[in-house]
Visitor: 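Right, I'll just put the structure down here and ask away after.
Only heavy atoms go into these numbers, but all of them, side chains included; no hydrogens, no water, no symmetry mates. Order of the sequence lines sets the chain letters (A, B, ...), proteins ahead of strands, with each chain counted from 1.
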Amino acid sequence: MKHAKATQTASVMQTSAEEALRASVRRLRALVAASSDIVFRLTADGSEIQELDGEGLLANHSEATGIWIERHIHRADRAKVRSAFEEAVRSVSMVEFEHSGLRADGSVRTMLSCVVPIHGEDGQVGEFIGSAREITGRREQEEHYRHLADGIDQGLCIVEVMLDADDRATDFRFIETNRQFAAQTGLEDAVGTTMRELAPDHEEVWLETLGRVALTGIPERFDGPAVVLGKGYDVHAFRIGAAERRRVGILFRAIGERKQAELALHQSEEKYRALFDSMDEAFAAVEVLKDGDGAWVDFRFTDANPAFLKHTSMNYPVGKTATELLGSPSVRWARLYGQALDSGKPMRIEEIEPKLGRTFDVNIFSLDRERSRVAVLFTDITERKRSEIALRKSEERLRAIFEQAPMAIALTGPEGEILLRNAMFDQMLGRQSPAINARSYSDVYRGYDMDGRPIPSQDWPAARAVLTAEIVQGEVIEIVNHRGERVPCSFDAGPIRDAEGQVVGAVVMFRDVAGEFAARRELQDSEARHHEILESISDAFYAVDSKWCFTYVNGKAEEMWERSRENILGKAYVDEFPQVVGSDVHKAHLRAARTREVVRLEARSPLSLKWLDIAISPSADGGLAVYFRDISERHAAQERQNLLLAELQHRVRNILSMIRSVVRQSSEGYSDAGEFVAHLDGRLAAIARTQVLLTRSAGAQVLLEDLVRDELSSQLADQDRVRISGPEVSLSPKAAEVLTLALHELATNSVKFGALSDPGGDLSITWGQAPLEGQLWLQLTWEERCQQLEPKPIKAGFGTELIEQRVPYELRGEASLHVTGGGVRAEIAFPLTDIASILETGPARGASR
Amino acid sequence: MNAPKLEGRRILLVEDEYFQAREIRGYLEHAGMIVIGPTGYADEVSALLAAEQPDAALVDINLGTGANYETARILKDQGVPFAFFTGYDQAVIPAEMGAVPRLEKPATEKQVIHLLNTLI
């Protein structure tokens with residue numbers, strides 16, 4: 001520009017250049033507008049972003065800003081972006097790099113950025129034009145295909161896991177499958193469908209595991225059963241892409257095939273790989289990196305097995321540095337690795353990873369010092385740690401139980417030596433120096449068996465457990481406690497064995513059962529008392545259980561059945577006494593068993609045919625308790641009483657009937673009521689007197705003389721004027737009845753009109769006995785002799801009939817009545833046979849009645 | 001008491017007690033009947049029956065030696081209608097005699113005549 005021409009030329013050139021530039025800028029802008037990429041301009045040193053078209057992904061802005069890195073780049077990738085940029089500045093060339101970009105909404109996307117330096121006229125870089133494109137989807141595709149390639153001989157599918165509000169997997173949809181998928185599962189068109197649609201009963205383990213993988217991103221390997229397909233699969237599930245997409249890749253193969261593949265693999269040179277892959281310990285090889293000052297600052301993974309991925313929850317780390325993976329250098333680990341390299345010695349540390357809440361047992365050892373390679377092997381011992389803590393707690397609990405248990409407990413060694421004993425043990429036996437071995441227990445402890453014999457050393461439960469491996473349960477021994485008192489204790493003991501089954505000790509436990517013992521003894525006493533009562537009662541008693549088998553038979557029952565209880569106990573009622581079936585007694589048993597109520601009855605025994613009073617009570621055990629006793633006598637007495645009552649009724653009715661007859665017939669021939677009543681009264685009194693004589697005692701025979709004197713005294717006759725003479729004759733009731741009334745009629749007549757009304761008259765009543773036609777007859781003569789009065793003839797009527805007709809009718813005898821010059825003379829004769837009288841209302845005389 | 005049906009009928013009377021036999025005989029004769037017996041002895045009944053066939057009989061069950069159905073059986077065999085004249089309850093009478101009418105002591109004249117009307 002120093003020369004005019006040159007200036008002009010330059011000016012022209014400038015104008016055309018400016019036009020060209022403007023055209024170029026217009027084209028560029030059009031390109032930018034048409035492009036779907038993010039386009040931006042940066043200052044030459046990269047410090048400021050001049051302009052940015054965010055394409056909806058990033059916020060547009062046109063003002064320069066110096067904080068673009070903070071705004072648009074994920075923290076983890078900022079260093080990487082800076083270094084890529086520095087490279088571009090230094091090399092003045094186009095640089096392309098992948099990084100995590102921050103969206104305006106804060107979400108993270110995988111971006112592929114490209115910056116191109118724009119040179120100014122001075123040949124210097126004037127600015128940078130950059131473009132960026134989201135490649136998240138592409139990256140995923142790449143991942144898919146990488147896995148497809150890796151596992152081409154396995155079934156593969158990518159699924160989208162559906163989660164409910166509580167992040168529980170409810171189903172999953174197949175997004176993509178490979179050819180092997182169909183071969184392995186037999187499902188041809190799975191894509192687009194869900195598991196539930198294909199197999200509603202598919203095993204829940206799939207959902208649980210896939211849901212967990214989708215949420216945590218931690219890959220998992222599991223045995224996946226599939227009953228619908230009749231197979232089981234070895235499944236490797238891993239998350240694909242961002243967590244919110246819930247995509248999980250599933251690599252699987254039928255378990256049988258895996259085994260074969262594993263076998264083939266073992267034979268191959270990759271057997272170590274397989275070992276690493278299959279082992280539970282995480283394995284990784286790293287190259288340890290130094291900074292410029294030679295200090296260990298970082299490391300890069302060169303190898304890692306699946307367990308490593310699982311334990312660390314890292315994505316596949318091979319080829320990446322710790323800084324790249326974690327976003328910041330992991331100096332501590334770099335130093336540990338370096339230390340292993342430097343020392344050449346393996347290191348072992350226990351490491352708590354606070355973020356994961358897990359504990360690792362880590363082994364670090366040098367692999368290749370030249371290439372700064374170390375290997376790290378670690379195991380997740382979180383569970384082991386937890387179980388150690390649990391074990392410790394369990395031990396504490398056991399110890400607490402051991403000490404607090406309400407029984408004495410001791411553990412012995414192989415010789416029976418007491419190794420451990422709890423407080424109760426000492427409390428019961430006193431703090432003695434424990435026995436040396438099983439053969440010396442009785443030197444230290446004293447005990448007695450239930451028969452009162454001292455327990456020898458080898459018979460103690462612990463000794464038997466340790467010496468003969470016996471298991472002792474609930475054996476009662478009276479131990480002598482430290483106060484010298486005998487205390488019954490229930491012992492349990494058993495051997496302790498090692499893994500080979502050798503007895504290495506014993507555990508023995510015992511507790512004071514004095515209280516229980518007393519209760520049991522009381523029960524026994526009560527049972528004995530009960531037994532005594534049952535045996536001493538006059539009732540027969542037996543008890544049957546719910547199956548009607550005899551559980552108790554007392555002595556009285558034995559006696560009544562004439563059976564020994566030894567032959568009956570435990571046997572069934574109906575088997576022993578088949579005769580009872582169908583009887584009233586049997587029915588009563590059934591009723592008591594059915595209603596569970598007491599049944600009482602009086603029945604004739606189907607066994608002895610005796611009358612029994614039976615009470616059947618249901619017992620608490622579902623059986624029956626039965627009391628019974630012989631009431632034959634009472635029953636006979638009852639029947640007899642009923643009979644007597646009927647007889648008595650008959651007699652009373654007969655007497656009333658007779659008296660009615662006497663009353664009616666006595667009235668014949670009387671016109672004077674007073675006379676009639678006196679007469680009737682006399683007759684009834686005579687009947688009453690006979691009744692008294694006849695009922696004086698059971699089967700009383702009436703002496704004729706007594707009868708005569710009674711009658712005379714009732715008439716207030718002066719017996720000095722009466723001569724009574726005859727042998728002792730006892731009369732049957734009937735004869736007494738008939739004769740009394742006959743004599744009454746005679747006496748009444750005599751007192752009124754005959755010898756007894758004559759101051760000088762006298763009367764002789766004489767009798768004798770004489771056989772006639774095979775029977776003994778009584779002949780009685782009534783003879784009156786009057787002195788002053790003229791004897792009156794007797795008026796025939798009811799009174800004379802009582803002598804002349806009744807005697808023949810009722811006694812089959814003869815009777816005559818005459819009035820002679822001296823007075824009345826009556827002769828009565830009848831056979832002395834035993835005939836009953838209805839006036840006998842006293843105790844019956846015998847069967848003949 | 002006028003019962004033409006009963007007039008001239010022969011009635012066997014078995015009753016051991018004199019007063020009652022005498023009274024019943026009175027009732028029967030009053031009604032125009034002819035009394036066979038009476039007797040208080042069972043062993044006399046056969047002889048009475050052999051001599052004269054009655055139209056009906058009145059029989060006391062207990063003739064002084066306990067309840068006795070011998071007479072009743074004889075009457076039954078001979079087809080003589082009869083009734084018991086007794087102080088016993090119906091319950092005491094054995095089942096075989098359960099259908100025999102029973103006139104309970106003591107009985108009135110009216111009852112006796114009524115019973116005989118039903119028997120003949």
Visitor: For the candidates A:Val738, A:Val662, A:Ile659, which exhibits the highest count of non-hydrogen atom pairs separated by less than 4.5 Å from chain B?
Guide: A:Val662

Visitor: Scan side-chain atoms only and decide if A:Gln715 and A:His744 contain a donor-acceptor pair under the 3.5 Å cut-off.
Guide: yes

Visitor: Measure distances from A:Leu645 to the heavy atoms of chain B and classify the residue's part below 4.5 Å as side chain, backbone, both or neither.
Guide: neither

Visitor: Looking only at heavy atoms, which of residues 39-49 of chain B get nearer than 4.5 Å to chain A?
Guide: B:Thr39, B:Gly40, B:Tyr41, B:Asp43, B:Glu44

Visitor: Heavy-atom cut-off 4.5 Å, strictly under: side chain, backbone, both or neither for B:Ala91 against chain A?
Guide: neither

Visitor: Does any heavy atom of chain B fall under 4.5 Å from the side chain of A:Arg806, the backbone, both, or neither of them?
Guide: both

Visitor: Is the B:Phe19 to A:Phe798 ring centre distance short of 6.0 Å?
Guide: yes

Visitor: Could you walk me through whether A:Thr740 and A:Arg689 pass the side chain to side chain donor-acceptor pair (under 3.5 Å) test, one step at a time?
Guide: CA-CA 9 Å; A:Thr740 301; A:Arg689 271 199 308 281; over 6 Å; no

Visitor: Decide, yes or no, whether a salt bridge links B:Asp55 with B:Lys5 under the criterion of side-chain N to carboxylate O below 4.0 Å.
Guide: no

Visitor: Classify the side-chain pair A:Glu647/B:Tyr88 by whether it contains a donor and acceptor separated by less than 3.5 Å.
Guide: yes

Visitor: Look at A:Arg664, A:Glu810, A:Gln649 and state which one has the largest set of heavy-atom pairs under 4.5 Å with chain B.
Guide: A:Glu810

Visitor: To the nearest 0.5 Å, how far apart are CH2 in A:Trp782 and CG in A:Leu817?
Guide: 11.0 Å

Visitor: Go through the steps to decide whether A:Arg660 and B:Glu23 satisfy the test salt bridge (charged side-chain N to carboxylate O under 4.0 Å, His left out), and finish with yes or no.
Guide: CA-CA 9 Å; A:Arg660 249 184 99 231; B:Glu23 187 178 20; 5.1 Å; no

Visitor: For A:Gln665 and A:Ser661, indicate whether the former's side chain and the latter's backbone hold a donor-acceptor pair under 3.5 Å.
Guide: yes

